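Please read the structure below before turning to the comments.
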Protein chains: 4
Amino acid sequence: MKRVNAGIIGLGRAGFMHLQNLLTIPEINILQVSDVFIDNISDKLNDLGITNQTKDYHDLLNNPDIDTIFVFTSTDTHEEIVTACANAGKNIFCEKPLSMSLDEEASLDVLRAVKKANVKLQVGFNRRMDPQFRNIYENVRNGAIGDPQVVKITSRDPDLLPHDLIKRIGGLLFDFTMHDFDMARYMMNSNITEVYAKGGTLIDPTLKEINDIDTLALVLQFENGAYGLIDNSRRAVYGYDQRVEVFGSEGMLKAENVNNSTVELYNKNHESLKKPLPMFVQRYHDAYINEMKMFVDSLLNDKPVVASGKDVIMAQRAAIAAQKSIETGLPQKVDTDFSL
Amino acid sequence: MKRVNAGIIGLGRAGFMHLQNLLTIPEINILQVSDVFIDNISDKLNDLGITNQTKDYHDLLNNPDIDTIFVFTSTDTHEEIVTACANAGKNIFCEKPLSMSLDEEASLDVLRAVKKANVKLQVGFNRRMDPQFRNIYENVRNGAIGDPQVVKITSRDPDLLPHDLIKRIGGLLFDFTMHDFDMARYMMNSNITEVYAKGGTLIDPTLKEINDIDTLALVLQFENGAYGLIDNSRRAVYGYDQRVEVFGSEGMLKAENVNNSTVELYNKNHESLKKPLPMFVQRYHDAYINEMKMFVDSLLNDKPVVASGKDVIMAQRAAIAAQKSIETGLPQKVDTDFSL
Amino acid sequence: MKRVNAGIIGLGRAGFMHLQNLLTIPEINILQVSDVFIDNISDKLNDLGITNQTKDYHDLLNNPDIDTIFVFTSTDTHEEIVTACANAGKNIFCEKPLSMSLDEEASLDVLRAVKKANVKLQVGFNRRMDPQFRNIYENVRNGAIGDPQVVKITSRDPDLLPHDLIKRIGGLLFDFTMHDFDMARYMMNSNITEVYAKGGTLIDPTLKEINDIDTLALVLQFENGAYGLIDNSRRAVYGYDQRVEVFGSEGMLKAENVNNSTVELYNKNHESLKKPLPMFVQRYHDAYINEMKMFVDSLLNDKPVVASGKDVIMAQRAAIAAQKSIETGLPQKVDTDFSL
Amino acid sequence: MKRVNAGIIGLGRAGFMHLQNLLTIPEINILQVSDVFIDNISDKLNDLGITNQTKDYHDLLNNPDIDTIFVFTSTDTHEEIVTACANAGKNIFCEKPLSMSLDEEASLDVLRAVKKANVKLQVGFNRRMDPQFRNIYENVRNGAIGDPQVVKITSRDPDLLPHDLIKRIGGLLFDFTMHDFDMARYMMNSNITEVYAKGGTLIDPTLKEINDIDTLALVLQFENGAYGLIDNSRRAVYGYDQRVEVFGSEGMLKAENVNNSTVELYNKNHESLKKPLPMFVQRYHDAYINEMKMFVDSLLNDKPVVASGKDVIMAQRAAIAAQKSIETGLPQKVDTDFSL
């Protein structure tokens, strides 16, 4: 069996979840892991049989047995670490975005290093690999609904995030809507050329202090002539809500929100059972595993990655355009040219 | 039993459907009907026991026993006939719009005549009385979802209309989206203050010749701070598609498209049964009857009508703004002041 | 237009509902009606334009213009009136059963009179014409699920009936399950050959005093080798519940209970909207109209009726077998021979 | 962390699936495994880090570090191995049944050994721990539907099994319906007192040669007065079909068949997407893991097991009664007394 010899950088909450997923994929051989707070989780790692641990991620770069590195550190380190991994000749999996800077050049520099090193880089647009959305994607590609004309995405979080977390990971547009921009572009197989966005603080007015919003409605224009509609909210009291619909010349595909319970209660008051919806970790559990499996497939069989650096840049441009649109009250063009 | 003594002007296809509905409402007493081609349908009317027939609608105006007139003639006659009915002191039910002219003054003149005559006028925004949408409306009013923040409307026709029919009844924005503008405003209980629309001919490019479009995506801003999203298509190959969703601070209400069959087929090929969706006549059958019943209730018990002349003006302003937005590529403000 | 010249006997609550349905069918011409308490409803009938009214149903028998009589009187009069109608040479629509007597001979005598007079008789198994169940029936006939192997029927009433009403119309097996026996046989297109039934008073023990039950579970054997399962309850607190499932060698067809609302509420408590289910009058509204339309079609185009006297006898035999099975604790054979 | 020190006997297809599930439960420490064909899977086991392997299950009995043994061998060995495990003082998890013999005494002897050794024994009624059915179970217990009056179970396999496999694992009643008997009794929290069953070979007549059936419909009587209905088929062409419904004095709970896709396709032909249903391994994946977790909880916290030896005996008695009922054409009593 061909295997990926892997290292992991960053084992915080998200990193540890990814680690557990990686352990279920037999083609992945985890040789070494690093975290700045490695002592805190050393025992847990030993229990899992992962004994080659280090505080310094450079140890992984210098480990000649490692061919691939999974980067799960916080966003502000991506620029440095991904570049270093590329320079060390390692394939890279990294969460989006590639840089905290809204100036695209910082991200492009990272991608240039990846290109120069001729390594593979996959980014964490995991929803592309969600079984429901992937099903729609494949059916759209197979022509099940003819030419796609309108894509509609509803994406709502169960509750507000703390302000300091938002400062670290980015506001609604850059942390949350980013996924929807990518999903819209992925479903349509066409670049976004224009964004018009309305957004505000309908839930928490204090978000204005950190230049963020909690509610968003926007219209997209695609290069192929089609349109898109996205709506976001930071607080759906009923739970995480993720839906996609693609309408075309020969039909419509739509994925309703996921709730795995099929149990129905009928009583005098016509009340239904409480059906708490899954949070993103459960909702996209399969997607998280699938993105790793597809990355492994890209590495072992030399196929293109399912979500590339270019995909991040394109989603980021849409987010920046949306922010400008909200600020100016005017629609904003999105550049579709891309070269390194 | 108190009864409405009614006359009907216009018995084409739509008029005849309304007539059949009116016959099922015991409080309505049809005294006289008129149509310019009355001879063609005279026998059918006699079969229904309606023998007082005339070619000239003025006969109804002059009939002192008639207190209420239902106007089902083509749009280009509304301005003249509704004004004449008002001047004759009759209560009026009329399909929207009140005038073919995009210049609002023509419609306002009609409403001024109605106001001066102190009669009741109800317009045909029948979807307000659709049981599904009315259910959502009432629950929103009752606070079931807290403060409404986003309304989403999907409205798709099964197929393109002939160009000459479009010329008579108006293009997509004025004939079709008009209902959605009204529905959005009705659900939100707040005026539309801004429209940004993207529209084009993704299905039939020849529509450009008559200045119409077949596909539309738009964002609304409401006076209360909330947002709206509407998408339209003239050709949903799977059938008529009418959905409304309202999201708020305490929950979400949504009405899926209507299909009355509960029969499911499971077989080797996982094929489902053919479930042709209803056309608008069937889909809104109850709504058509309910709007008449509510009008009767307004007349007999002196209550406000459920859809007023002002409501038409407001929806029309949104449609005009949408057209300008498509033409200019810029968002358009919508005036919310209204006085006669 | 060919028309049915009809008389109606019996205008109690059920009869009046049927009358209103008959008025919507243009091929039916109501010439005369009778009821022993005709004075009580004379005004209402006049309002509907039905002025030829009588207390004595013999007047209808003697009316040479009438070719068809609808019998909506109470069960204990069916034997006498249907026989008299047949002897007068009139086609007959009558609610099941044809006789209060459990001795089949009384019913057979009625059918012999019908046969001798060579008139048409349709009985009121209206559920055969319910759009949902008819859809299943037609798909089974078309081979959509191959050879039918198991039919499952769930039929539950919203609440207990008064004891004195039960005494007049028959207990659970003869008033309620009767429809399910007919539905099972209709779906399978095969006679019932054996019944094993368990039944008791799980809801109202005082039903024992009038020899009735409120809860029933039974297994059927069909002549074609297939099986059936029926369960009944007199009190489903959530409302009227009517479901049918047919399983076969090539698939399954199933009709879930009918609720016309598509509105969904999602909130903090995951509570759904109250969705009161329709009572039988609403649930089978279309079925009641359809059975009349099909009867008209049988009369005007000389086709077999959709539910015949034999069908009543067959369902009754199953009910009698079920009662014996409950009493003896043993399965009971059902005779499938039928000749007059 | 308290842990279970476990051994595994039997690593065929089912055993290996269970092993993989056990590896995901941190409280389980697998010390040693045995299989008569251990050489065939030795490499796979080493890959999983399980190096203490043996051909002879007695090695596990003699291993003083092992406190609990999971028995996944074929049914004909259960009697011997479970007894030996008990005599060696080990807690035991074992698939049902405990003996191939229809004479209950053989199973009772096994349970007596378990009782004498004062160890815990859990049997593999995994469906009790299926999230859907467990949800119903808990709601029934919580009184959500008042007094349960009727339980309905539909259980259908996707296709016929080979005759030689049936000979080894038992026919429909003892291998398949067994689970439904247990589920019915579990949901009702009451013993089955009578069974009336109809069964035959509607799919494969050659099953008669090995005294088996492929289609089954039956009625149950419970000790608490309630009724049950079960229907089985060996070949549902649309896939594995597992449904449970419990009806009571205050409402109904029902679990529809599980299909995890929420994607819907609407097109011209009203065709839906192919949605292959999961086979039992996927359908009950969570149930398989949950039953192990609950067993661990019983062991570490000294709680009663969720499915006991008595539960197997009771389901087996129902299966035997069903077989006699089919053979004799008569309902059969089921003994509810149980003592060792």
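Each chain gets a letter, A, B and so on, in the order the sequences are listed, and its residues count up from 1. Keep in mind the model is a prediction, meaning the values are calculated, not measured.
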TODO: With a 4.5 angstrom heavy-atom cut-off, could you sort out which part of D:D147 is near chain C: side chain, backbone, both or neither?
DONE: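 For D:D147, no heavy atom lies under 4.5 Å from chain C.
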Open item on the list: Is D:I230 in contact with chain C via its backbone, its side chain, both, or neither, using a 4.5 Å heavy-atom distance?
Closed with: backbone
Open item on the list: Let's test your reading of the structure: which of D:R235, D:R243, D:E250 forms the most heavy-atom pairs below 4.5 Å with chain C?
Closed with: D:R243
TODO: Heavy-atom pairs under 4.5 Å with chain C are the metric here; pick the option from D:Q221, D:K152, D:Q149, D:R156 that has the most.
DONE: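 With the most close heavy-atom pairs to chain C, the winner is D:R156.
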Task: Of C:D175, C:D204, C:D159, the residue whose pairing with C:R234 passes salt bridge (Lys or Arg N to Asp or Glu O under 4.0 Å) - done: C:D175
Go through the side-chain N and O atoms of [X] and [Y] and say whether any donor and acceptor fall under 3.5 Å apart.
| X | Y | result |
| --- | --- | --- |
| D:E264 | D:Y266 | yes |
| C:T177 | C:N232 | yes |
| C:N135 | C:N139 | yes |

Task: chain D contacts, top residue of C:L220, C:V150, C:D231 (heavy-atom pairs, under 4.5 Å) - done: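 Answer, by heavy-atom pair count under 4.5 Å with chain D: C:D231.
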Task: chain D interface, residue from C:S249, C:G200, C:G199, C:G329 that has the most non-hydrogen pairs under 4.5 Å - done: C:G199
Open item on the list: Given heavy-atom pairs under 4.5 angstrom as the criterion, report whether the side chain, backbone, both or neither of C:V219 touches chain D.
Closed with: both
Task: Within the 6.0 Å centroid threshold, strictly below: C:Y137 and C:Y186 - done: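 Yes, the ring centres sit under 6.0 Å apart.
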Open item on the list: Please check if the number of heavy atoms outside C:K254 that lie under 6.0 Å from its NZ is greater than 12.
Closed with: yes
